[in-house]
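In each ligand, atom 1 is the first atom listed, and ligand 1 is the first ligand listed.
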Amino acid sequence: MKILGIESSCDETAASVVEDGRIVKSNIIATSLDEHKLYGGVVPEIASRRHAESISAVVKEALEQADCALEDIDAIAVTFAPGLIGSLLVGVNFAKGLAVAANKPIVPVHHIRAHIASNYLTSDLEPPFLCLIVSGGHSHIVAVNSYTDYKIIGKTRDDAAGEALDKAGRIMGLPYPGGISIDKISGEGDPNAFTFPRPRIEGAPYDFSFSGLKTSVINVVHHAEQKGEAISIPDLAASFQKSVVDILIANLEKAAKDFGYENLPHLREAEPRCIKKIVLAGGVSANSLLRAKSQKLCKKRGWELYLPELKYCGDNAAMVASQGYYEFIAGVKAKADLNAYATMPIDIVNF
Ligand code: KG4
Ligand code: ZN
């Protein structure tokens, strides 16, 4: 079965053809990132306009590279939530037009579910598993019970990890996106030069909070500016990155212990939802320290670890086509009035 995936939730316009949810036939991405760099963050209006300009060519190229005509496609999968509303609407309406013209079904795909599916593209991973999803807009720990059944174990109470990294990068004067810049520059710095808080939330051991951390780094920079003191940006970046990664790993370890085989050995055979596989997903899963520390953790604990290939960590349409395939075979199909939504929980049952 061939699925055409379309993604336009943020600043990447992407299209891809994926066979049977796993085999990537094409993966085309056009991005307006360079324009947003001038403003230190994504400008929604610019992103929407660039989607409108490039989506036609991107979809055409994805079909051509996959050596596919539109008639060969079984369904069109499109990201409909969550994301920038103006950006999402471009992809959703393009998919609707294409579906009417070619008489094909549309499958609405949740962006965060798609990030999880990026792992299906390069491994034999199958649910159930426990997933840490860290992107610019989300930080979740989710039990993925099946390809379409999710249970949220923990989530951020305020900022997402990627958002905190991006804002911290900005205050440090590094190029947007801060997450990538901090990862690059941290190798030159001392991760123990600065101490940042490791916030824990009373009664919610799997939840995250990154806003205090963000305020701390802003305070460090402002304090130094006021005193006229020089700060080592590599040291600051390395210390900040370490604290973000430590928080993510600590909650992941706790969730995996509490929901995994270790604490529930009697359920090993009887309860298939019991988890032994740890999976990372989302833009921040490209972070070198997070990848290294999750590898170390899983080795120590004897858990299986799945990391998305670097080219599938950020926004792309192959992950949308993959998730679209699993949604489609589970019977999910959009009606003619399909809309886009800026927010949408991952565990919603009926779209
Ligand atoms: O998943 P994604 O491409 O878009 C959203 O759905 O949000 O994630 C973007 C986020 C940005 O915050 C970016 O700074 C972060 O992923 N990111 C990284 C790295 N690469 C991308 N953060 C840390 N280290 C990286 N190597
Ligand atoms: Zn994303």
Side-chain angles (χ1 to χ4, degrees), residues 5-14 16 27 29-33 36-37 40-42 44 47 51 78-85 87-88 91 109-119 131-140 155-156 159-172 174-187 189 191 208 210 213-214 237-238 240-249 280-294 307-320 322-323 342-344 346:
I6 297 177
E7 156 66 36
S8 71
S9 66
C10 192
D11 56 343
E12 271 89 25
T13 319
S16 162
N27 185 32
I29 306 176
T31 178
S32 50
L33 177 72
H36 304 297
K37 276 186 177 165
V42 175
H51 286 310
V78 63
T79 305
F80 79 113
L84 300 172
I85 194 68
S87 289
L88 287 164
V109 172
H110 189 287
H111 183 73
I112 302 304
R113 291 188 182 192
H115 269 301
I116 296 172
S118 63
N119 284 281
C131 187
L132 171 69
I133 305 141
V134 266
S135 71
H138 293 78
S139 298
H140 277 37
K155 59 176 188 261
T156 183
D159 295 342
E163 197 179 342
L165 285 160
D166 290 347
K167 297 260 167 64
R170 194 168 168 171
I171 190 89
M172 291 177 210
L174 300 172
Y176 177 82
I180 300 178
S181 300
I182 286 178
D183 192 358
K184 275 192 195 144
I185 204 173
S186 287
F208 302 106
F210 292 107
L213 204 59
K214 196 178 68 186
F240 187 79
Q241 175 180 262
K242 182 171 182 285
S243 52
V244 170
V245 170
D246 281 353
I247 293 165
L248 293 171
I249 291 288
L280 262 55
V284 182
S285 69
N287 183 265
S288 49
L289 185 67
L290 180 61
R291 290 172 90 92
K293 286 212 170 176
S294 54
L307 296 169
E309 222 180 89
L310 286 177
K311 67 178 174 194
Y312 297 128
C313 286
D315 291 347
N316 66 85
M319 67 185 195
V320 177
S322 173
Q323 183 59 26
T343 58
M344 172 80 60
I346 191 175

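For ligand 1, the atoms lying closer than 4.0 Å to a non-hydrogen atom of Pro177 are 14 (O). Annotation for ligand 1: atoms under 4.0 Å from non-hydrogen atoms of Ser135 are 1 (O), 5 (C), 6 (O), 7 (O), 8 (O). Ligand 1 places these atoms under 4.0 Å from at least one heavy atom of His111: 6 (O). Atoms of ligand 1 found under 4.0 Å from any heavy atom of Gly137, numbered from 1 in the order shown, are 7 (O). Listed by number with element, the atoms of ligand 1 under 4.0 Å from a non-hydrogen atom of Gly314 are 3 (O). The ligand atoms of ligand 1 that sit less than 4.0 angstrom from a heavy atom of Gly136 are 5 (C), 7 (O), 8 (O), 9 (C), 10 (C), 12 (O).
Considering backbone and side-chain atoms alike, Gly162 places an N or O below 3.5 Å from some N or O of ligand 1. When only interatomic distances are considered, the shortest N/O to N/O separation between Gly179 and ligand 1 falls below 3.5 Å. When only interatomic distances are considered, the shortest N/O to N/O separation between Leu165 and ligand 1 does not fall below 3.5 Å.
Checked against Leu88 for a side-chain contact (heavy atoms from CB on, under 4.5 Å), the options Pro82, Ser9, Cys10 give a single hit: Ser9. Applying the side-chain contact (heavy atoms from CB on, under 4.5 Å) test between Val284 and each of Asp183, Leu165, Ile180 identifies Leu165 as the sole match.
The residue Glu12 has no part lying near ligand 1, judged by heavy-atom distances below 4.0 Å. For Asp315, heavy-atom contacts with ligand 1 shorter than 4.0 Å involve the backbone as well as the side chain. Residue His115 touches ligand 1 through its side chain alone, judged by heavy-atom distances below 4.0 Å.
Partners of Thr31 by side-chain contact (heavy atoms from CB on, under 4.5 Å), not counting sequence neighbours, listed by chain and number: Asp11, Glu12, Leu33. Scanning for ring-ring contact (aromatic ring centres under 6.0 Å, His included) contacts around His140 gives His138, with sequence neighbours left out. Remark: Tyr312 pairs with no residue by the ring-ring contact (aromatic ring centres under 6.0 Å, His included) rule, at least two apart or across chains.
The shortest heavy-atom contact between Phe210 and Ala164 is CB-CB, 3.9 Å. Between Gly41 and Tyr176, the shortest heavy-atom distance links the atoms CA-CE1, 3.7 Å. The heavy-atom pair separating Gly179 from Asp166 by the smallest distance is N-OD1, 3.0 Å.
If you check which protein heavy atom lies closest to atom 24 (N) of ligand 1, you get Asn287 ND2, 3.1 Å. Here the heavy atom of the protein found nearest to atom 17 (N) of ligand 1 is Gly283 O, 3.6 Å. The single protein non-hydrogen atom nearest to atom 20 (N) of ligand 1 is Ile180 CG1, 3.2 Å, given as residue, atom name and distance. Looking only at protein heavy atoms, the nearest one to atom 14 (O) of ligand 1 is Asp166 OD1, 2.6 Å. From the protein, the heavy atom lying nearest to atom 26 (N) of ligand 1 is Asp183 OD2, 2.8 Å. In terms of protein heavy-atom proximity, atom 15 (C) of ligand 1 is nearest to Val284 CG2, 3.8 Å.
Of the charged side-chain nitrogens involved, at least one lies within less than 4.0 Å of a carboxylate oxygen, so that Asp246 and Lys242 count as a salt-bridged pair. We find that Asp159 and Lys167 are not joined by a salt bridge, their nearest charged nitrogen and carboxylate oxygen being 4.0 Å or further apart.
Put simply, the side chain of Ser8 never gets that close to the backbone of His51: no donor and acceptor are under 3.5 Å apart. Remark: side-chain polar atoms of Asn119 are paired, donor with acceptor, to backbone N or O of Leu280 under 3.5 angstrom. Proximity of a side-chain donor or acceptor of Ser139 to a complementary backbone N or O of Ala160 within less than 3.5 Å is not detected.
In this structure, the side chains of Ile6 and Thr79 stay at 4.5 Å or more apart for every pair of heavy atoms.
Protein atoms of type N/O/S that fall under 2.8 Å from the Zn ion (ligand 2) number 3 in this view.
Residue Lys184 places every heavy atom at 4.0 Å or more from ligand 1. Under a 4.0 angstrom heavy-atom cut-off, Cys10 registers as lying outside contact with ligand 1.
A distance of 7.5 Å separates CG in Asn27 from NZ in Lys311, rounded to the nearest 0.5 Å. Atom CZ of residue Phe80 and atom CE of residue Met344 lie 4.0 Å apart, to the nearest 0.5 angstrom.
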